[in-house]
Each structure stands twice: as structure tokens, then as C-alpha cells.
Asks: 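Please find one structure pasted underneath; my questions will follow.
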Amino acid sequence: MRVLCIGGGPAGLYFGLLMKLRNPANEVVVVERNRPYDTFGWGVVFSDATVDNLRQADAASARDIDAALNHWDDIDIHIAGRTIRSGGHGFIGIGRRKLLNILQGRCEALGVRLVFETDVADDQALARQYGADIVIAADGINSRIRARYAETFAPDIDTRRCRFVWLGTHKRFDAFTFAFERTEHGWFQAHAYRFDDDTSTFIVEAPEAVWQAAGIDRMSQEEGVAYCERLFARYLDGHRLISNATHLRGSANWIRFPRVICKRWVHWHTFDDGRRVPVVLMGDAAHSAHFSIGSGTKLALEDAIDLAAEIAREGGDVTGLAAALARHEATRGVEVLKIQNAARNSTEWFENVERYAGLAPEQFAYSLLTRSQRISHENLRVRDAAYVGGYEQWLAGRAGVDGRVPPMFTPYRVRGVTLKNRVVVSPMAMYSAVDGVPGDFHLVHLGARALGGAAMVMAEMTCVSPDARITPGCPGLWNDAQRDAWRRIVDFVHGGSDARMAIQLGHAGRKGSTQVGWERMDHPLADGNWPLISASALPYLPGISQTPRAMTRADMDRVRDDFVASARRAAEAGFDWLELHCAHGYLLSSFISPLTNRRDDSYGGSLANRLRYPLEVFAAVRAVWPEARPMSVRISAHDWVEGGMTADDAVEIARAFRLAGADMIDCSSGQVSPDQAPVYGRMYQTPFADRIRNEAGIPTIAVGAIFEADHVNGIIAAGRADLCAIARPHLADPAWTLHEAARAGVRDVAWPRQYLAGKQQLETNLARASAPTPGH
């Protein structure tokens with residue numbers, strides 16, 4: 001096979017040498033625009049796992065790379081005059097120039113032809129010149145080849161918010177170092193690590209607005225470097241900062257990181273002679289991962305390893321190329337996306353240091369360490385048990401607990417209510433009420449989960465009038481019979497457990513009068529439908545749903561008074577907590593979202609106007625709800641539809657409810673429009689809770705795909721939310737919280753007296769299962 005690699009970075013060189021290694025008869029050419037010793041980076045970082053992959057792929061080059069590596073386990077975080085260290089992270093650094101020289105030497109030893117100082121203007125002409133059977137486009141993050149075939153590759157390039165400059169220094173850092181310095185203009189941060197015997201990479205980064213306010217955009221390169229030296233002088237110990245981007249002038253060496261995602265990585269070009277030759281993106285040309293997780297070079301090398309293996313799997317010649325490339329793109333694409341998702345989380349964290357600067361240094365550091373969501377609470381414990389144990393003890397102390405307990409099991413107080421831990425049973429529609437009256441099913445369902453160890457059990461959305469129901473099976477609180485039925489359940493929970501009971505009050509609006517969940521969800525009843533009202537006369541499912549009537553002022557008064565009457569009954573029933581449902585496209589949500597509010601009066605238009613009626617209802621309910629009992633608001637923090645609500649809007653909504661007296665925001669998303677396209681994944685809605693908590697300054701409840709104690713621990717420990725509402729795991733296991741406590745070795749947890757024998761056996765069995773096998 002004749003292989004042409006355009007771009008002599010790690011991806012092109014490594015793929016070239018692997019193809020020559022696998023079959024010496026392959027003709028491999030690597031074309032690079034720079035000279036052999038030119039490079040404009042400093043050091044690059046790998047993990048131990050990446051080096052293991054290199055050893056398996058090519059032991060010879062791996063030995064040379066190993067000999068040049070600098071290993072370290074520690075991360076140092078400098079913030080507010082404090083230094084916090086965590087160990088066990090397994091980083092490896094090497095100079096970028098050294099790495100390229102090793103790969104260049106290995107290529108030459110194997111017979112790969114290296115062509116330097118050749119700027120490729122036309123990949124097709126070059127492919128014809130070398131008779132290439134495959135072209136590897138490894139021409140970097142600003143790939144010309146990707147741009148040429150953009151219609152095929154469909155690149156999505158997102159230029160991020162921070163400016164950064166890649167510098168070096170002869171200060172030898174003994175840990176991967178993050179240093180944060182506040183200026184009058186905002187925050188700057190440095191990422192520093194040693195990569196050879198006397199040199200460290202030193203990347204300085206700041207949001208674009210901060211960078212401009214500091215005047216760096218108007219400085220020469222030398223002035224910009226001097227500014228960074230002064231700013232980070234305490235970490236440099238008198239050493240200078242060095243730039244090797246001498247080809248750039250002024251502030252041009254400060255760049256914004258482009259996040260690159262390509263829908264496809266392979267373009268097939270047909271030459272005049274009928275030959276079809278694939279052009280394959282590799283490394284940064286295909287995808288980029290922010291330097292804050294150090295994965296760009298890792299991805300490039302692993303791309304090369306995977307593609308070479310796939311080609312060999314198909315026989316190593318041109319006949320199997322199509323199948324090999326299809327499998328490479330499909331399988332490798334999934335792995336890359338995982339890294340890019342983590343990189344996105346990390347990037348956004350560093351773009352928003354101001355958001356987290358108000359955290360105590362201990363929590364700021366923990367938030368940084370877990371920012372990508374690749375490192376969980378328990379994974380961090382595996383890396384550095386002493387650090388995590390000390391942090392847990394610090395966090396428990398802030399919650400008034402002596403000793404060390406996992407964050408999930410720390411208490412939390414709001415107004416006059418103390419929750420014994422951070423787990424809430426999320427409100428889940430059961431469709432099992434009769435005429436709005438909760439019955440024996442609700443008693444068993446809610447009672448079982450209260451006995452199961454959660455701090456608070458939140459009843460499903462409870463409707464304030466008959467026409468406020470989603471379905472005929474939804475519970476209500478519009479009459480005293482319903483109140484008394486709820487009181488029976490609340491009394492059982494209070495008498496049989498130390499859990500708290502919450503009620504969620506809502507009105508279905510345009511999503512009402514539908515079939516129960518296990519029938520055709522969101523579809524109208526076959527008969528017996530009732531009239532609907534909403535912010536505007538827009539059906540939920542066009543052509544299917546009933547069209548609601550736009551609310552008049554008289555309608556608003558009536559509904560507000562219905563909420564007030566229901567809140568009074570909820571207080572009489574003994575509920576400890578009240579949540580106002582302003583999410584998921586129901587009535588109050590329909591006022592907030594521009595997708596569902598098309599009014600031209602004072603309740604439509606701007607966000608402030610759209611919030612006017614929900615805030616009015618909130619104020620009226622808060623006025624009658626007992627002062628000592630908390631009140632939260634559930635919102636849809638994102639509509640997942642172009643033109644709908646965004647996370648930026650959610651922060652403003654949360655601020656408005658905080659000023660109105662809300663104690664907490666329950667951060668859900670979506671379900672406002674059938675056109676929604678959510679981005680699902682573990683804890684996928686938690687970033688909304690994080691932003692609202694740390695920007696709007698109000699406690700939050702995280703909800704959505706939280707299904708492990710490890711998730712809860714990480715969310716609470718990082719200050720991303722104050723409580724976690726968990727739904728489906730509680731459907732499968734009413735005692736989910738007690739079982740997670742036993743698995744975590746937390747023994748001081750109250751079980752119902754009737755179940756204590758089960759507690760003892762569970763803990764004994766778990767202890768036996770975790771004990772080492774004799775002889776090992």
C-alpha cells in the first residue's frame with residue numbers, strides 16, 4: 001500500500017511508522033511544512049494508559065519515549081494564598097520537540113520517507129505525485145484539507161471563550177500545577193508542568209473580556225510575557241517565562257482554542273483515472289480536546305494505532321480499506337466523543353473560574369479535580385484516599401458532623417427543616433389517584449421510600465383544581481377529602497421514619513386532559529376531555545393535542561387563588577416542604593418559555609414580563625405557606641430547542657425567584673416542546689444546577705440520570721448542587737439510600753426498627769464480599 005501522510009505531527013508520524021512496521025513493503029511518505037526541529041509547543045502530557053498503548057503498538061519507539069518521560073502523581077492547586085495537593089493521578093510529560101524527534105528517528109529507521117519544508121497547497125496533486133492509495137490528513141487544528149472537503153467532513157468548530165498563551169520556564173515544577181490569580185480585571189490561571197530535566201510548560205489563560213481589559217491585546221509579545229511573569233511571580237521563584245513563538249508578533253501568540261468535531265472523518269476522492277482514494281482526517285484535524293485535560297496528543301496517537309490495526313485486520317491492502325475505515329470511524333468516534341465531552345466540561349470550568357471563586361479553597365480544589373466528570377468521588381479516593389478522607393472530614397464539619405462521612409450523608413438545613421442527608425425521592429407521576437384522592441397505593445409507594453432512607457420524599461405533581469390535572473389519575477389538593485388523604489400519608493411517614501415529606505403543586509395547562517402514562521402519553525383522552533388554558537393558544541402536539549385558550553386576567557386570578565387554597569391544605573396536611581412546579585411545559589412554565597408564550601400584553605415579550613405571572617403565584621403561595629417551612633421552585637433550565645430557554649436564561653429565572661423568597665431551585669430541563677433534542681448522559685442536567693447555584697446564589701437540587709451514590713457524593717462535594725433528586729433508582733429499589741449507605745460502609749444510618757435484622761445481614765454480606773480471598 002502507498003501511504004501519504006500530510007502533516008508531520010504525532011498523528012502523521014506515528015501512523016506512518018506503524019504502517020511501515022506492519023508491512024515493510026508499504027511505501028510511506030510523511031510531508032511536513034516545518035523543518036525537522038521546528039515546533040511551537042513546549043511539553044505534552046500523557047496518562048500511564050496511553051504509554052501502555054504505545055508499548056504495545058511499537059516497543060522500540062516506546063522505549064525511547066519512556067527514557068525521556070517525566071513522571072509525577074501530584075496536582076497542586078494554588079488559590080487564595082493556599083496550596084492544596086492531591087496525588088495518585090499518574091501524569092507523564094515529554095517535550096513536544098523530543099517526542100517528534102523520537103518519532104522522526106523511528107520513521108527513518110523503518111524506511112518511512114520524511115519530506116520537510118513542504119507546504120501542501122493541493123492534497124490531490126500530492127496524492128497523484130506519490131500514487132497514494134490512502135491520504136492521511138494530519139495537518140492540524142486549522143486543517144486546510146478539512147476545509148477543502150468540508151461538505152463531506154461537516155466540521156463543527158466552536159472557538160472557545162478564553163485566550164491562552166503557551167510559554168515555557170526553567171522553573172521545575174514537581175507537580176502538575178494550577179495557579180489562580182485575581183486581578184482588577186478578573187481571573188487569570190496558569191497550567192504548569194515539567195517535561196524535561198530543566199524545563200516546564202507554563203500556559204497562561206484568561207477569558208477574552210479579562211484579557212482585553214488587562215490590555216494584553218495592545219501589548220507586544222515581550223510586554224505580554226512580562227505581564228505574565230509579574231502576575232505569577234510567586235510561583236516562578238525568579239525564573240523567566242519564555243516564548244518560542246518568535247514567528248508571531250504582538251498579541252498574536254495569545255489564541256482562542258477551537259473545539260473541532262467532525263461528523264465524518266473519511267472523504268473518498270475519485271481521480272481522472274478512476275482510482276478512488278480515501279482522505280482520512282486524523283488527530284486535531286478530525287477532533288480537538290482542550291489542553292486542560294491534556295488529551296490532544298493522546299487522541300492523535302491512539303487514532304493512528306486504531307486505524308493501523310483496522311487496516312491490518314482487513315488484510316493490510318487496498319481491497320479492505322473501505323471496511324477498515326468504516327469501522328475505524330464508527331468505533332474510534334465513540335471513544336473520541338467521550339474524551340471531547342470531558343474536555344468540554346473542563347473547558348467550561350476554566351472559562352468560568354469567577355463562578356467558583358466564591359467557594360472555600362478546599363471545595364474550589366475539589367471542584368477543579370472533578371471538573372471533567374471523568375474523575376468521580378470514588379475514583380479520586382482510589383487515587384488519593386488520604387486527600388478524599390481529609391476533604392470528607394472538612395465537608396462534614398461544615399455540616400456540623402464530627403468525623404468523616406461521605407458527602408451524600410451529611411445533613412442539610414433549610415429554614416426550620418433539617419434533612420438527614422442529601423437524597424430526595426424525585427416526584428414521579430403514578431397516575432393512580434381516583435377523583436384526585438391519593439389512596440392505598442400512594443401510602444405504600446411514598447411510605448416505602450420514606451422508610452428506605454431518603455431525607456425527603458416528594459409527592460408527584462399535585463393539581464390545584466380538576467382542570468389542572470394532566471390525566472384523570474393525577475392527585476389533587478382542591479378539596480378537604482384530598483387533604484385528609486394526604487394527611488394520612490404524611491402522618492405515616494412522620495410516624496414511621498425520620499424522612500420529610502414534600503408536596504409539589506402544579507397546573508397542567510396545555511398538557512392536561514391526556515391519557516395516563518402507560519397508555520398514549522401526551523395524547524388526549526378518548527372521551528371526557530376538559531377545556532384547557534395556557535399562556536397562549538398553542539397546542540402541545542400540533543394536530544393532535546387540544547388547543548388551549550389563552551388565559552385572561554380573570555383566569556389568572558382564579559388559578560392563583562387555586563394555588564393558594566391548595567397550599568393552605570398542604571400545610572394543614574402536615575407537609576414539611578412545598579415546591580412550585582414551573583417546568584416541563586405545564587401552565588406556569590408556559591408563561592416562562594418564549595416557545596409557549598406569544599402574548600402581546602404585559603405577561604409576554606421580555607423574560608421579565610414572562611416571569612411576571614409565575615412570580616405572582618409564587619408570592620401568593622409563599623404568603624400563606626408557613627414561614628418555617630421551605631419552598632422550592634422546579635424550572636426547565638433549558639428547552640433544548642432553538643429559540644427556547646437556555647442556561648443563561650435559567651440563571652436569571654433563578655435570581656428572580658430568589659429575590660421573591662424561594663429557598664431552592666429544582667433544576668430540571670426540557671419537556672416544554674415536542675421538538676426538543678436533549679443531550680443525554682450521566683448527570684446531564686447537573687451543569688444547570690451548578691450554574692444556578694454558583695451564579696445566581698441560590699441552593700439547588702440536581703436531577704436527571706443520577707443513579708449512583710458516587711454521583712451524589714461528587715455533586716455535593718463539588719458544590720454543584722445541595723440536594724440530589726433521584727427518580728428511577730427509587731422505583732427499582734425503595735431502600736436505595738439505605739443500600740448505598742451499607743455499600744459505602746456507613747453504619748450510623750437509621751433503619752426502621754422492624755428492618756434492623758436486614759441491616760445487619762446486608763452489612764455482614766457486603767463485608768464478606770469485599771474481604772480478600774484467603775491466600776491472596
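Counting begins at 1 with the first residue of the sequence.
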Asks: State, without any angle test, whether H507 and D562 hold a side-chain donor-acceptor pair at a distance under 3.5 Å.
Replies: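 No, because no side-chain N or O of H507 sits under 3.5 Å from a partner of the opposite role on D562.
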Asks: Return yes if some donor-acceptor pair links the side-chain N/O of T646 with the main-chain N/O of G644 below 3.5 Å, else return no.
Replies: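 Checking the backbone N and O of G644 against the side chain of T646, no donor-acceptor pair under 3.5 Å is found.
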Asks: Side-chain contact test, heavy atoms from C-beta onward, threshold under 4.5 Å: evaluate it for F657 versus L611 and give yes or no.
Replies: yes
Asks: Could you tell me whether the side chain of M664 reaches within less than 4.5 Å of the side chain of V633, counting heavy atoms only?
Replies: no
Asks: How long is the straight-line distance from NE2 of H523 back to CD1 of I544, given to the nearest 0.5 Å?
Replies: 4.0 Å
Asks: T700 and A689: which non-hydrogen atoms are nearest, and at how many Å?
Replies: OG1-O, 3.3 Å
Asks: Are the side chain of D690 and the backbone of A721 linked by a donor-acceptor contact shorter than 3.5 Å?
Replies: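 Absent.
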Asks: If you count the non-hydrogen atoms of other residues, nucleotides and ligands that lie under 6.0 Å from CD in E519, is the total more than 12?
Replies: yes
Asks: May I ask you to decide if the ring planes of H711 and F707 are parallel, tilted or perpendicular, using 30° and 60° as cut-offs?
Replies: perpendicular
Asks: Taking 4.0 angstrom as the limit, do D484 and R487 come out as a salt bridge?
Replies: yes
Asks: Around atom CG of D156, are there more than 12 heavy atoms of other residues, nucleotides or ligands at under 6.0 Å?
Replies: yes
Asks: Name the atoms and distances for all side-chain donor-acceptor pairs under 3.5 Å in residues 676-684, with sequence neighbours left out.
Replies:
unit_1, atom_1, unit_2, atom_2, d
Q676, OE1, Q671, N, 2.6
R682, NH2, Q373, O, 3.1

Asks: Taking atom CD1 of I716 and atom CZ of R720, what is their separation to the nearest 0.5 Å?
Replies: 11.0 Å
Asks: So, the side chain of R422 versus the backbone of D722: is there a donor-acceptor pair under 3.5 Å, distance only?
Replies: yes
Asks: Under the 3.5 angstrom rule, does the side chain of N352 hit a backbone N or O of R355 as a donor-acceptor pair?
Replies: no
Asks: Is the shortest heavy-atom distance from the side chain of R629 to the side chain of D576 under 4.5 Å?
Replies: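 Sidechains of D576 and R629: no contact.
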Asks: Tell me the closest heavy-atom pair linking E763 and A742, and the distance in Å.
Replies: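 For E763 versus A742, the nearest heavy atoms are CG-CB, 4.2 Å.
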Asks: Answer yes if the side chains of D666 and S632 hold a donor-acceptor pair under 3.5 Å, and no otherwise.
Replies: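 On atom types as modelled, these side chains do not qualify, holding no pair under 3.5 Å.
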Asks: Report the relative orientation of the aromatic rings in H739 and W751; use parallel for angles under 30°, tilted for 30 to 60°, perpendicular for over 60°.
Replies: tilted
Asks: Just wondering, do P594 and R610 contact through their side chains at under 4.5 Å, heavy atoms?
Replies: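 R610 reaches P594 side chain to side chain.
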Asks: Answer yes or no: is there a donor N or O on one side and an acceptor on the other, between the side chain of R510 and the main chain of L587, under 3.5 Å?
Replies: no
Asks: Please step through side-chain hydrogen bond (donor to acceptor under 3.5 Å, both in side chains) for the pair S593 and D639, ending with a clear verdict.
Replies: CA-CA 8 Å; S593 174; D639 285 345; 2.6 Å; yes
Asks: Within this structure, what is the CG-CE distance for the pair L446 and M430, rounded to the nearest 0.5 Å?
Replies: 8.5 Å
Asks: Check whether any side-chain heavy atom of I653 sits under 4.5 Å from a side-chain heavy atom of I692, and report yes or no.
Replies: no
Asks: Decide side-chain hydrogen bond (donor to acceptor under 3.5 Å, both in side chains) for H638 and D649; before the verdict, give the C-alpha distance in whole Å, the side-chain angles of both, and the deciding distance to 0.1 Å.
Replies: CA-CA 8 Å; H638 204 297; D649 298 318; over 6 Å; no
Asks: Determine whether more than 12 heavy atoms belonging to other residues, nucleotides or ligands lie under 6.0 Å from atom CZ of F441.
Replies: yes
Asks: How about CZ on R728, more than 12 heavy atoms from neighbouring residues, nucleotides or ligands closer than 6.0 Å, or not?
Replies: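 Result for CZ/R728: open.
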Asks: Run the side chain to side chain contact (heavy atoms under 4.5 Å, CB included) test on L731 and M428 for me, step by step, so that the C-alpha distance in whole Å, both residues' side-chain angles and the decisive distance to 0.1 Å come before the verdict.
Replies: CA-CA 9 Å; L731 290 180; M428 297 172 281; 3.6 Å; yes
Asks: Count the heavy atoms belonging to other residues, nucleotides or ligands that lie under 6.0 Å from CD of E572, then report whether that count exceeds 12.
Replies: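 It does: E572 CD has more than 12 such atoms within range.
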Asks: Sub-3.5 Å donor-acceptor pair from the side chain of H442 to the main-chain atoms of G439, do we have one?
Replies: yes
Asks: For the pair S566 (side chain) and L477 (backbone), establish whether a donor and an acceptor sit closer than 3.5 Å, ignoring hydrogens and angles.
Replies: yes
Asks: Between S534 and S590, is the side-chain hydrogen bond (donor to acceptor under 3.5 Å, both in side chains) condition met? List the steps.
Replies: CA-CA 7 Å; S534 189; S590 75; 3.2 Å; yes
Asks: Is it true that a side-chain atom of N421 and a backbone atom of A455 form a donor plus acceptor pair closer than 3.5 Å?
Replies: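 Yes.
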Asks: About how many Å separate NE2 of H445 and OG of S432, when rounded to the nearest 0.5 Å?
Replies: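 Rounded to the nearest 0.5 Å, the OG-NE2 separation comes to 8.5 Å.
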Asks: Given side chain to side chain contact (heavy atoms under 4.5 Å, CB included), test F409 with T737 step by step and report yes or no.
Replies: CA-CA 9 Å; F409 295 102; T737 307; 4.0 Å; yes
Asks: Work out which heavy atom in R691 is nearest to a heavy atom in D648; give both atom names and the distance.
Replies: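 Heavy atoms only, the tightest pair is NH1-OD1, 2.8 Å.
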Asks: Indicate whether any N or O donor in one side chain lies under 3.5 Å from an N or O acceptor in the other, for D522 and T514.
Replies: no
Asks: Both conditions, 6.0 Å and 45 degrees, for the charged tip of R469 above the ring of W478: are they met here?
Replies: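 Ring-cation test returns no.
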Asks: Between V712 and I706, is any pair of side-chain heavy atoms under 4.5 Å apart?
Replies: yes
Asks: Are a donor atom and an acceptor atom from the side chains of N345 and S372 found within less than 3.5 Å of each other?
Replies: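 Looking only at side-chain atoms, S372 and N345 do not form any donor-acceptor pair under 3.5 Å.
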Asks: Rounded to the nearest 0.5 Å, what separation is found between the CE atom of M461 and the CG atom of L505?
Replies: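 Output value for this atom pair is 9.5 Å.
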Asks: Give a yes or no on whether a salt bridge exists between R344 and D158, defined as a side-chain N under 4.0 angstrom from a carboxylate O.
Replies: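 No.
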Asks: Please check if any side-chain donor atom of E392 sits under 3.5 Å from a side-chain acceptor atom of H377, or the reverse.
Replies: yes
Asks: Should we count CZ of R747 as having more than 12 external heavy atoms under 6.0 Å?
Replies: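 Atom CZ in R747 is packed in, count exceeds 12.
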Asks: Over 60° means perpendicular and under 30° means parallel, so tell me whether Y586 and H584 are parallel, tilted or perpendicular.
Replies: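 Taking H584 first and then Y586, their aromatic rings stand perpendicular (interplane angle over 60°).
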Asks: More than 12 non-hydrogen atoms from neighbouring residues, nucleotides or ligands closer than 6.0 Å to CG on D733, yes or no?
Replies: yes
Asks: Testing the basics here: between A718 and T370, what is the closest heavy-atom pair and its distance to 0.1 Å?
Replies: CB-OG1, 4.0 Å
Asks: Is there side-chain contact between P699 and V414, with heavy atoms separated by less than 4.5 Å?
Replies: no
Asks: Are the side chain of R634 and the backbone N or O of C667 linked by a donor-acceptor pair below 3.5 Å?
Replies: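 Such a contact is absent between R634 side chain and C667 backbone.
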Asks: So, for D467 and W530, which heavy atoms are closest and what is the spacing to 0.1 Å?
Replies: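 Scanning both residues, the minimum pair turns out to be O-NE1, 3.4 Å.
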Asks: Hey, are the side chains of P734 and L451 touching, using non-hydrogen atoms and a 4.5 Å cut-off?
Replies: no
Asks: Consider only side-chain N and O atoms of R483 and N479, and report whether a donor and an acceptor are under 3.5 Å apart.
Replies: no
Asks: Give me the atom names and distance for the closest heavy-atom approach of V457 to R449.
Replies: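 Minimum heavy-atom contact is CG2-C, 3.9 Å.
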Asks: Taking the ring centre of each residue, are W486 and F492 less than 6.0 Å apart?
Replies: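 Here the rings of F492 and W486 have centres that are no less than 6.0 Å from each other.
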Asks: Under 4.0 Å between a side-chain nitrogen and a carboxylate oxygen: does that hold for E335 and R332?
Replies: no
Asks: Please verify the inter-ring angle class for Y356 with W349; under 30° counts as parallel, over 60° as perpendicular, anything in between as tilted.
Replies: parallel
Asks: Does the pair R415/D663 count as a salt bridge with the N-to-O cut at 4.0 Å?
Replies: yes
Asks: Measure the OG1-CD distance between T462 and E579 for me, rounded to the nearest 0.5 Å.
Replies: 11.0 Å
Asks: Are the side chain of S669 and the backbone of A637 linked by a donor-acceptor contact shorter than 3.5 Å?
Replies: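 Here the side-chain-to-backbone pair does not exist.
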